[in-house]
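In this text, all values refer to a predicted model and were calculated from it rather than measured experimentally. Throughout, a chain's letter reflects where its sequence line sits, starting with A, and its residues are numbered from 1.
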Number of protein chains: 2
Amino acid sequence: MNPKIDELNWKILKQLQDNARESFANIGRNVGLTAPAVAERVKKMEDLGIILGYKAKVSHALTGHQLKAIITLRAFMGKLKPFLAVVPNLQEVVNCYRITGNENIVMEVVLKDQFHLERFIDQLIQYGETRTHIVLSQVISNAPMHKIL
Amino acid sequence: MNPKIDELNWKILKQLQDNARESFANIGRNVGLTAPAVAERVKKMEDLGIILGYKAKVSHALTGHQLKAIITLRAFMGKLKPFLAVVPNLQEVVNCYRITGNENIVMEVVLKDQFHLERFIDQLIQYGETRTHIVLSQVISNAPMHKIL
DNA sequence: GATGAAACGTTGTGGTT
DNA sequence: AACCACAACGTTTCATC
């Protein structure tokens with residue numbers, strides 16, 4: 001484990017994962033530090049790559065993506081690299097992992113409706129065999145990182 | 001699509017998804033609005049549920065989770081509900097979706113090492129049959145939401 | 001890490017279109 | 001209803017200790 005993360009830094013990380021727009025002054029009040037001390041610790045964690053960034057979380061549904069799916073891809077011979085090259089351009093893909101096992105890729109995609117899904121899958125068949133699972137509900141969404149016991 | 005999101009709001013959303021700690025004053029400079037105007041628009045998008053929150057993104061690896069896996073679960077009869085009740089308490093689970101198809105659940109989990117993975121899978125077997133895929137690399141990680149064309 | 005001061009950002013009021 | 005201007009207040013940042 002990274003020794004740069006002491007108890008105080010964990011408390012800071014907890015708050016920033018909960019609300020990334022929280023002021024350093026407020027965080028400082030909660031953990032017993034002054035604002036400059038918090039700012040310095042946060043800067044250091046950014047530089048070390050512990051904090052990778054700050055993102056607003058935007059509703060998929062309210063931006064017109066009523067349908068979510070998990071799609072696995074078993075790439076054809078020589079088709080994995082071409083797929084990896086184009087996938088960053090596919091706006092529908094929210095998350096994409098390269099994995100071990102029978103399938104090479106698993107991705108989380110957001111779509112307007114069933115027609116959009118159909119068009120999206122049609123785009124994929126040139127790269128390999130796909131399997132589609134419709135997401136019924138998201139039980140856990142980007143749970144915060146915690147200290148390992 | 002939500003008519004509340006005009007071109008200006010999309011520009012604001014783009015910046016907040018890129019850096020949630022960007023000041024309203026700066027965002028305003030980039031889009032041609034004053035800080036209070038940006039603040040008002042952001043407040044409204046929060047109230048409407050378009051913006052769900054602001055989260056610091058923390059490195060999995062640098063917090064001691066060297067191993068990531070995608071695990072699917074095919075729940076035994078009557079075991080899906082108990083699983084859904086406990087999964088929020090499993091710190092290892094970063095994302096969890098209920099899905100259609102042969103499996104009921106797919107989750108992204110972060111783990112210390114192979115022994116941790118073994119212990120985690122052992123915890124799951126009471127709920128159903130699992131399939132584990134080790135994540136080799138994350139090709140796309142929480143891509144920002146965009147306007148639908 | 002703390003303190004203190006200057007620069008900057010946020011937030012509320014009032015006014016304009 | 002959406003925006004701007006202005007001002008009071010809070011926050012960040014930099015120097016110094």
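- The residue from B:V42, B:L8, B:I50 that alone fulfils the side chain to side chain contact (heavy atoms under 4.5 Å, CB included) condition with B:L13 is B:I50.
- For C:dG9, one of the phosphate oxygens OP1 or OP2 lies less than 4.0 angstrom from a side-chain nitrogen or oxygen of B:R29.
- Taking every side-chain heavy atom of B:K44 into account, D:dA2 is the closest of D:dT11, C:dG9, D:dA2.
- Taking 4.0 Å as the cut-off between side-chain N and carboxylate O, B:K14 and B:D18 do not count as a salt-bridged pair.
- Residues A:S141 and A:K57 share a closest heavy-atom pair of OG-NZ, 2.8 Å.
- Looking at B:I140 and A:V94, their side chains never come closer than 4.5 Å, going by heavy atoms from C-beta outward.
- Between the side chains of B:E108 and A:Y97, at least one donor N or O lies within less than 3.5 Å of an accepting N or O.
- For DNA chain D, no neighbouring residue in residues 9-20 of chain A is found when judged by any heavy atom under 4.0 Å.
- In this structure, A:K43 atom NZ and D:dC14 atom P are separated by 10 Å, rounded to whole Å.
- The shortest distance between the side-chain N/O atoms of A:R21 and the OP1/OP2 oxygens of D:dT11 is not below 4.0 Å.
- For the pair A:N26 CG and D:dC9 C1', the computed distance is 14 Å after rounding to whole Å.
- Between the CD atom of B:E46 and the P atom of C:dT10 there is a distance of 13 Å, given to the nearest Å.
- Straight-line distance from the CD atom of A:E22 to the P atom of C:dT10: 14 Å, rounded to whole Å.
- The pair B:D6-B:R41 meets the salt-bridge criterion, with a side-chain N (NZ, NE, NH1 or NH2) lying under 4.0 Å from an Asp/Glu carboxylate O.
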Write out a two-atom table: protein N or O, nucleotide N or O from nucleotides 3-8 of chain D, distance below 3.5 Å.
residue, atom, partner, partner atom, Å
D:dC3, OP1, B:R41, NE, 3.0
D:dC3, OP1, B:R41, NH2, 2.5
D:dC3, OP2, B:R41, NE, 2.9
D:dC4, OP2, B:T34, N, 2.9
D:dC4, OP2, B:T34, OG1, 2.9

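- No donor-acceptor contact under 3.5 angstrom links the side chains of B:K112 and B:H65, judged on distance only.
- Heavy atoms of B:A39 sit nowhere under 4.0 angstrom from any nucleic acid atom.
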